[in-house]
Amino acid sequence: MVKIRFFAMLKNKVGQEEVKLDVPENISLEKFKQILKKEFPAITEFLDKKSIMISVNQEFATKNTMIKDGDEVALLPPFSGG
Amino acid sequence: MVKIRFFAMLKNKVGQEEVKLDVPENISLEKFKQILKKEFPAITEFLDKKSIMISVNQEFATKNTMIKDGDEVALLPPFSGG
Amino acid sequence: MELVRIQKQDFSVTEEIELVKAVSKSIGGVVVFLGTGRDISKSEEIVRLDFEHYPGMAEKKLQEIRVRALDNFNIIEMGIVHRIGKIEIGENIVLIVAAAQHRNDAFMACEWAIAELKRITPIWKKEITKKGEVWVEEHP
Amino acid sequence: MELVRIQKQDFSVTEEIELVKAVSKSIGGVVVFLGTGRDISKSEEIVRLDFEHYPGMAEKKLQEIRVRALDNFNIIEMGIVHRIGKIEIGENIVLIVAAAQHRNDAFMACEWAIAELKRITPIWKKEITKKGEVWVEEHP
């Protein structure tokens, strides 16, 4: 089970703040994005634009990040603090 | 009569804050400096080093500034505010 | 009080400066950036702002910014406070306090820290205008 | 209270910022430089500072700096306060508040103003050390 968190406009698009999802063991970030697009078609556009960042366990994920059972993954739209 | 004001270490050197001096009508800054050196030998070194600025009626004087009766002239050592 | 915080309530600039200054008597220059809610954004009249953050990660990123500022600039201390929740026009949003022996180091560190905060801190601003609400999608 | 002042008594950074912010609701970024009395200067231990100014001319120069900052930078308002007389270690000496719509303009104006203040304002600092008193002769 992976916990997925949505913030700002993504939370509005998905209609939820937090979702738990069963994913195959140890999948790549790219693979994980494909799953997200299927599960949450409302945010496909955001994921394709690459304007959103993804964090895994509260650290920015990279191409090489693997996602595994128990992780907290967050979808982060462009920041606008400050 | 010209009013001459001394600040910071110059005040200490001259031993006075303010002096009134009779000077010829409409003299140049250079001429005025010569008079100052004669009147206040203790500050000759400062005047020669050119590390001090001179103001006339609270504006910075330039080479072309003329000093006339009634003016307030101040000898300003290097600033150290801020 | 901690030097790096995210909080709903307002802060006092004077108190935050005192907190940073308490660290050392060798501080000679303090540079502060204060971000405040302004009334216009892209020619839309703003009624109110609403900030959301990723609890845990946002605090961690601000802590990282402080540590990297202390590592990379010749400063003595840095404090960072960001508010979340509803912010009215004119109210404080964010504060960065950079304290150094000399002013140039404090200026450089403060300017870097606010740019870095905007770049890496998971905080989002919603602008409430008369026409509706919109999440800001670009860096201001 | 006036935006540009020379005074013996201490000032409140928060109050000075409020004074500047009161000018406009479009202020989004405020940059503050605060100079404070530090304990060491050229490896001499400082006991106290004592500032003297040229009354009239010093105020005029600070006013000029504010006007030129408003002319030359994209800022909304600027406040400048300098203290004179005895200043203990850790106490406030000088404050520059630059307020703009956007932070870059505020940073540039604030940095310029403090450099210009040091360059053209007839104010002098005396350092009281354990070895005696000395008028500072160079820019810090």
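Proteins come first, then strands; the chains are lettered A, B, ... in the order of their sequence lines, and each starts at number 1.
Comparing D/Val94, D/Thr36, D/Ile114 by how many heavy-atom pairs each has under 4.5 Å with chain C, the most go to D/Thr36. Each of C/Val30, C/Leu95, C/Ile27 has some count of heavy-atom pairs under 4.5 Å with chain D, and the biggest count is that of C/Val30.
Heavy-atom distances place no part of C/Glu16 under 4.5 Å from chain D, backbone and side chain included. Heavy atoms closer than 4.5 Å to chain D are found in both the backbone and the side chain of C/Lys25. With a 4.5 angstrom heavy-atom cutoff, C/Ile17 touches chain D only via side-chain atoms. For D/Gln101, the parts sitting under 4.5 Å from any heavy atom of chain C are the backbone and the side chain alike.
Ring geometry, D/Trp112 versus D/Phe73: the interplanar angle falls from 30° to 60°, so the pair is classed tilted.
Paired with C/Leu62 under the rule side-chain contact (heavy atoms from CB on, under 4.5 Å), one option of C/Leu3, C/Val67, C/Ile80 passes, and it is C/Ile80.
Between C/Lys131 and C/Glu44 there is a salt bridge, with a side-chain nitrogen of the basic residue lying less than 4.0 Å from a carboxylate oxygen of the acidic one. Taking a cutoff of 4.0 Å between a charged side-chain nitrogen and a carboxylate oxygen, C/Glu127 and C/Arg48 do not qualify as a salt bridge. A salt bridge links C/Arg83 with C/Asp10: at least one charged nitrogen is closer than 4.0 Å to a carboxylate oxygen.
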